[in-house]
Amino acid sequence: MSNYTAIREWADEKTADKTRIVVGLGTCGIAAGGNKILDAVEKTLANNDAIKADVVSVGCIGICYKEPLLDIEIPGKPRLSYGSVTARDTKEILENIFLNNKYEHKKALAVIGDETFEGIPSWKEIPFFAPQERRVLRNCGFIDPEKIEEYIANDGYAGLSRALVEMTPAEVIDETLDAGLRGRGGAGFPAGRKWSIAADNIHTYKEKNPNSDAFGYVICNADEGDPGAFMNRSVLEGDPHSVIEGMTIAGYAIGATYGYIYCRAEYPLAIERLKLAIDQAREKNLLGKNILGTEFSFEIKLKEGAGAFVCGEETALIASIEGLRGMPMPRPPYPAQAGLWEVPTIINNVETLNNIPVILAKGAEVWAEKGTEKSKGTKTFALTGKVENTGLIEVELGMSLREVIYDIGGGIPDGKEFKAAQTGGPSGGCLPASMLDLTIDYEALAKAGSIMGSGGLVIMDTSTCMVDVARYFLTFTQSESCGKCVPCRLGTKRMLEILTRITEGKGKIEDIALLEELAPSIRDSSLCGLGQSAPNPVLTTLKYFREEYEAHILDGHCPAGQCKALITYTIDEVDCTGCTLCAISCPVDAISGAKKELHIIDTDICTRCDTCRQVCNFDAVLIDGNLL
Amino acid sequence: MINLKIDNKKVEVPEGSTVLDAARAANVYIPTLCDDPLLEPFGACRMCIVEIKGHRGLPTSCSTPATEEMEVTTFSPNIEVNRRTTMNLMLSDHPLDCQHCVANMKCDLQYVAGYVGVREQPYEGETRSYEKDRSNPFYVRDLEKCILCGKCVRACDELQGRQAISFGYRGFESKITTPFDLPMWDSTCESCGRCVDVCPTAALYDKSAEKNGLAMEETRTTCPYCGVGCGLILETRNGKIIGVRGDRENSVNEGHTCVKGRYGWEYVQHEDRVKKPLVRRYLLEGGSKPKSKEESDENPLWDWVETSWEEALNITAESLHRIKEENGSDSIGIMTSAKCLNEENYLMNKFARQVVGTNSIDHCARL
């Protein structure tokens, strides 16, 4: 019996036939009040001796708009999920199920399985889940991330076992190449190719430096920094072992014996769970010396990043681990040639590494069944912004933006119209409605002027000003520029100043030409990816929403009604009931009017804070004469 | 050796050379601001961008290794446009007071801007505002003139090994700073002046430069302070030293100096400097040496009197001879100086042991 079979049997036995009450306690679940639900579960259990179940906290399942989530698993029955639950709901649901055998409840969300059950629909019938393909998120929201046996019982470490026991390192690289897995950090470089270059360099390095402490490093880039992106955090919090397993397989493939996880310090729960997972893996001989009884040894250390966006760039990340200021260095040498402490190093994103165990366990062919010809597999996205269903989603590459936004996302709320989708965070671009049928793959997104990025997907409706969006992203890249190279440090500053000027109504028509001159130059002559991609939000908004720039400059008008300097608030003569609520709420006393009479806004005093519009119960407050 | 083409010119360079090295070997000018042959490539100023057949985009020649059969273009409309935009950006946050600047006509930024050919400033915007840091007695830091090329940081780290300064803050607020942003004089700086030496603008300049215009002559010499024998270049104007820098051609120090070599030169032309031998009057005119300190203060025979080298050496020789006669060779001790040449120290050794006859000879470097 191999070492893995024994571990698997132990895990299966430990997890078999358990009644489980599952509470989603990722950072998102906690923020939505998950801890209160956990308290309520424990209280209910303490008051009812008849309810016998394990209480389990899991990571995020992705359906953010229904948090907090409560799931019930009873042997022989499908897993049931309840959403937006309160403490009172929790007590009701538990007592209904365990004392009265009643499963239906107003908060019942779905059956996590293929069949309907007691009137509760299968999650395959829920529009949010139906088009999704869960591979990266295979365990998120299902297993207790703090228990290694739950990961193992769900095929965890089977890929590592297959790699170590049945395959040579070169075969592992070939399997990854065959799968066609491309870097999920955004650039899309084939993971197998990166590994194979590193493996060659490690071989040479070993011959030249036989007495070195380390011949190669595997670094997991967990410095997820795009505003609005939380894919990697969810994986680290919900399925930390998948990343550890992926790193260990990578280490075996390239011939490295050490790994670093570079995780941002703003992810305390992820760090805590990673530490625990590393300890558990070591205890089970899945990490450390002679893994699973083989010759291969591998150690993983955790390094907390200090909150610099630029440290997601490979060379800056390496500098940061070395204890230096996170500043990129020119390449070559590439990390695969001379990386951490001048030793050949590969750096893979969390999601890339998370895919590795599946490729090894199921085989490249099965893995590569999903996706397009050049973009294989699935991709997670953090779907946010002006969309009905926000959350963490995973789709097959090649799906159209429209399906993601309208099927999974449920469309644009409040009856408004879709305006733009922003992919790739501050390095990406804004795609207009005419591109809704664009397929989500590396080539198509790049051709449209955006990037795949790590998975940020922000949806905007007609009330979003595209100039202001470009300005927002430039504010971010400017403040996160490391300051080393001129185009990035000063180019983003000047672009930001021009954009600010336009949103403040002080733009000149020549400013568009200046942006068009600056943006490509910054893209082409910056040192690292941060600077090279920083102009993307400007370039794409100029390309697809040029008329909005012109409206700001030539007409002094913000079509979205967002730029304060360019909008005027008025009160509609017909709809105003004279209820005085706006006048009472106005923080600068800009509104006058007697009870039951038309109110009037003094535009000289008004600060465009929008309070009046928000409090008005009769939609009587207009921006530039329009109801927003 | 590696063979490649720079602008269609064939050139052969040793292994490990960069494209920039190759261009220099081929006598092709590529503008640079953050490069220094003594420092590791940094790739910050983006001036040395080139086009290389088969390479994507515009790689920086300072950081790209030269490889066999590479074909490099150093001049094209695309390179021109990008260099000009980058230069315009740099100048959009740099005081344009060249005529009043201490670096006038010796400023790399001025030269490269001239080469690139900027004619107008299209990017108006915020400029940085900093107080000059005059805390160091020898040099001034003017961060408004700094282009963040990082040469000072790398010189302090890679050449001096002191790491007194580094990059700090981010984005537009980025600046070169000391630990905890303290004034220079409160940092670990040893005032070797290497940062001043490599600065391409007037972000770092010697205080002595404030009073003077350009040096008109340069003299290559050896530092008189210690036995290392660093090569120095004296910058002079009308026969007066106005500055000193390390001699990069000198294999002893490759341009490096210590604080004394670079900044301790004011004594050379100081009015109090003794330029002729002085002896006590009683030694020249006869009479006896005063018995006590009190007596000597009043006694004109104790005054210093200028005399010729011959007279002074004669008096010294006679005195040594007399002391040796009266008290024996071992009553005489000889101390030599690090400011002397090795040959001079050797001769003093001979003199002590063979002429005077004593082993009591030592050297100031042992103190």
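Quantities reported herein were computed from a predicted structural model and do not represent experimental measurements.
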What part of A:Arg331 lies closer than 4.5 angstrom to a heavy atom of chain B: side chain, backbone, both or neither? neither

For the pair A:Arg494 and B:Ser92, evaluate side-chain hydrogen bond (donor to acceptor under 3.5 Å, both in side chains) and give the outcome as yes or no after the intermediate values. CA-CA 9 Å; A:Arg494 297 298 172 235; B:Ser92 74; 2.9 Å; yes

So for A:Ser479, is it side chain, backbone, both, or neither that comes closer than 4.5 Å to the heavy atoms of chain B? backbone

B:Glu124 versus chain A, the contacting section by heavy-atom distance below 4.5 Å: both

Relative to chain A, which segment of B:Pro41 carries a heavy atom at a distance below 4.5 Å: side chain, backbone, both, or neither? backbone

Between the side chain of A:Arg489 and the main-chain N/O of B:Glu173, is any donor-acceptor distance below 3.5 Å? no

For residues B:Tyr123 and A:Glu517, determine if any side-chain heavy atom of one lies less than 4.5 Å from a side-chain heavy atom of the other. yes

Main-chain N/O of A:Pro487 paired to B:Arg46 side chain as donor or acceptor, under 3.5 Å: no

Please rank B:Ser174, B:Ala44, B:Gly57, B:Gly43 by heavy-atom pairs under 4.5 Å with chain A and give me the top one. B:Ala44

From CG (B:Leu148) to CG (A:Leu490), nearest 0.5 Å: 8.5 Å

Is the charged tip of A:Lys484 near the ring of B:Phe42: under 6.0 Å from the six-membered ring centre and within 45° of its axis? yes

Output for pair (A:Cys488 SG, B:Leu89 CG), nearest 0.5 Å, gives 11.0 Å

Greater than 12 external heavy atoms within 6.0 Å of B:Tyr29's OH: yes

Does any heavy atom of chain A fall under 4.5 Å from the side chain of B:Ser63, the backbone, both, or neither of them? both

Give, as side chain, backbone, both or neither, the part of A:Thr492 having an atom under 4.5 angstrom from any heavy atom of chain B. neither

Cut-off 4.5 Å, heavy atoms of chain B, and the answer for A:Glu480 is both

Among A:Gly483, A:Pro332, A:Pro333, A:Pro328, which has the most heavy-atom pairs under 4.5 Å with chain B? A:Gly483

